[in-house]
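Notes for the one structure printed next.
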Amino acid sequence: MQPEAYIELENRYGSRNYNPLDVVLQRGKGVWVWDVEKRRYLDCLSAYSAVNQGHCHPKILAAAKAQMERLTLTSRAFRNDQMGPFFKEICELTRSHKVLPMNSGAEAVETVIKAVRKWGYRVKGIPKNKARIIVCKNNFHGRTIGIISFSTHARYREGFGPFTPGFKAVPFGDAEALEKAITPNTAAFLVEPIQGEGGVNVPPHGYLKAVRKICSAHKVILVLDEIQTGLGRTGKLLAEEHEGIEADVTLVGKALSGGFYPISAVLSNMEVLGVFLPGDHGSTFGGNPLACAVARTAVRVLIQEKMIENAAKMGAYFMKGLKAIQSPRVKEVRGKGLMIGVELHKKAGGARRFCEALMQKGILSKETHEDVLRLTPPLVITKSEIDWALERIASVLEG
Ligand SMILES: *Cc1c(COP(=O)(O)O)cnc(C)c1O
């Protein structure tokens with residue numbers, strides 16, 4: 001079938017809740033993907049950072065295959081032999097005491113909302129139904145009704161009310177605003193260490209440290225949504241490490257499976273996940289043996305193959321090259337590790353057309369909001385691949 005035929009089928013039968021680039025992909029390996037006409041592209045999106053380990057990583061593939069042949073789903077009515085070891089490994093690695101496995105990122109966010117609300121009532125003593133969670137303006141935490149209830153982005157909310165109460169938004173990167181917004185009923189502060197979908201917004205250095213201090217002083221649970229920043233993307237296992245802090249709860253997802261399977265996890269200290277009792281929460285697929293086996297290997301290869309170190313090194317190299325591009329269209333290049341945003345001036349006419357031009361040159365990327373070109377390749381990218389990309393990005397931005 002021709003690419004146009006696939007696109008026609010998608011458009012005819014699919015709900016059009018996305019506006020994808022018209023490239024029909026068929027195969028992937030490492031940083032590269034191929035379309036149905038065998039054209040090759042450098043993947044500079046990595047499925048929104050879900051394939052940090054590179055496409056179809058052979059070790060994750062082998063683990064997935066082996067587990068698929070043994071046992072895939074038991075439900076948590078029973079125990080399985082992959083879950084306990086996965087829990088131990090991920091908790092030790094992230095210095096957490098407890099973990100609750102879910103599937104998508106949004107489910108992990110929903111789970112933590114339930115947990116910190118219950119913690120607020122049972123531990124902090126907040127009056128019934130009064131618990132409030134502070135979030136940041138311009139946040140992205142997923143697409144459920146609960147989560148879009150505290151989105152500040154009109155596109156995500158319009159037409160979907162009524163919304164869930166109990167949230168308050170403060171400006172991102174402003175610790176003082178957080179402190180001012182805290183009341184005795186504040187249960188938690190939920191924040192991304194770097195806002196991903198919001199435009200690759202890096203807060204001022206010291207923000208997370210200040211936030212940590214404020215949360216501790218007011219007995220507010222600090223929840224870091226590291227679904228996009230976590231697992232090596234920013235050049236550290238978790239982005240919190242850049243400021244030497246520890247969240248009370250950390251959310252991971254996306255790259256937790258290296259792109260093989262939807263897996264997310266809520267990682268917490270004893271107190272927060274300690275509030276859940278049997279019957280409080282659940283998921284048919286959460287913690288299934290296939291997910292756990294895949295996640296164990298996906299995390300292992302990230303460490304063993306030094307992908308996190310590579311993200312730090314290659315990220316700095318990529319950013320330096322991007323900053324050297326002489327184009328009046330570029331307003332700012334920002335990011336950390338291999339989480340990079342190139343913000344264009346308004347007069348450049350939006351980032352989308354540059355994504356389309358890059359696609360013609362063999363690079364896949366995605367605009368975020370209107371004017372930010374996001375560059376987040378798999379963490380296995382090499383220097384020569386970055387040089388190859390830089391040449392093309394420069395020609396598109398300068399042309
Ligand atoms: C992608 C993302 C989510 C939602 O994850 P899904 O798996 O798409 O539900 C939540 N938080 C952040 C920071 C994300 O980038």
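Whatever order the structure lists them in is the order used to number ligands and atoms, beginning at 1. All residue numbers in this chain count up from 1 along the given sequence. Everything numeric in this text was worked out from a predicted model, so none of it was measured.
In this structure, Leu71 CG and Glu69 CD are separated by 12.5 Å, a value rounded to the nearest 0.5 Å.
Taking the ring centre of Tyr48 as origin, the terminal cationic atom of Lys366 falls outside the region bounded by 6.0 Å and 45° from the ring axis.
Listed here is the closest heavy atom pair of Thr229 and Ile194: CG2-O, 3.6 Å. The heavy-atom pair separating Phe189 from Val220 by the smallest distance is N-CG1, 3.6 Å. When all heavy atoms of Met307 and Val301 are compared, the closest pair comes out as CE-O, 3.9 Å. In terms of heavy-atom proximity, Glu243 sits nearest to Leu208 at OE1-N, 3.1 Å.
Looking only at heavy atoms of the protein, atom 2 (C) of ligand 1 is closest to Lys254 NZ, 2.5 Å. With hydrogens left out, the protein atom closest to atom 5 (O) of ligand 1 is Gly105 CA, 3.3 Å, a heavy atom.
Relative orientation of the Phe150 and Phe167 rings is tilted, given thresholds of 30° and 60° on the angle between their planes.
Close contacts between ligand 1 and Ile227 involve ligand atoms 2 (C), 3 (C), 10 (C), 11 (N), 12 (C), 14 (C) [criterion: under 4.0 Å to a heavy atom]. Heavy-atom proximity to Ala106, at under 4.0 Å, picks out these atoms of ligand 1: 4 (C), 5 (O), 6 (P), 9 (O). Under a 4.0 Å criterion applied to the non-hydrogen atoms of Asp225, ligand 1 contributes the atoms 10 (C), 11 (N), 12 (C), 13 (C). For ligand 1, the atoms closer than 4.0 angstrom to any heavy atom of Gln228 are 15 (O). Annotation for ligand 1: atoms under 4.0 Å from non-hydrogen atoms of Phe140 are 1 (C), 2 (C), 3 (C), 11 (N), 12 (C), 13 (C), 14 (C). Atoms of ligand 1 found under 4.0 Å from any heavy atom of Glu192 (numbered from 1 in listed order, with element): 13 (C).
Atom 9 (O) of ligand 1 is approached by the protein to below 4.0 angstrom, counting heavy atoms only.
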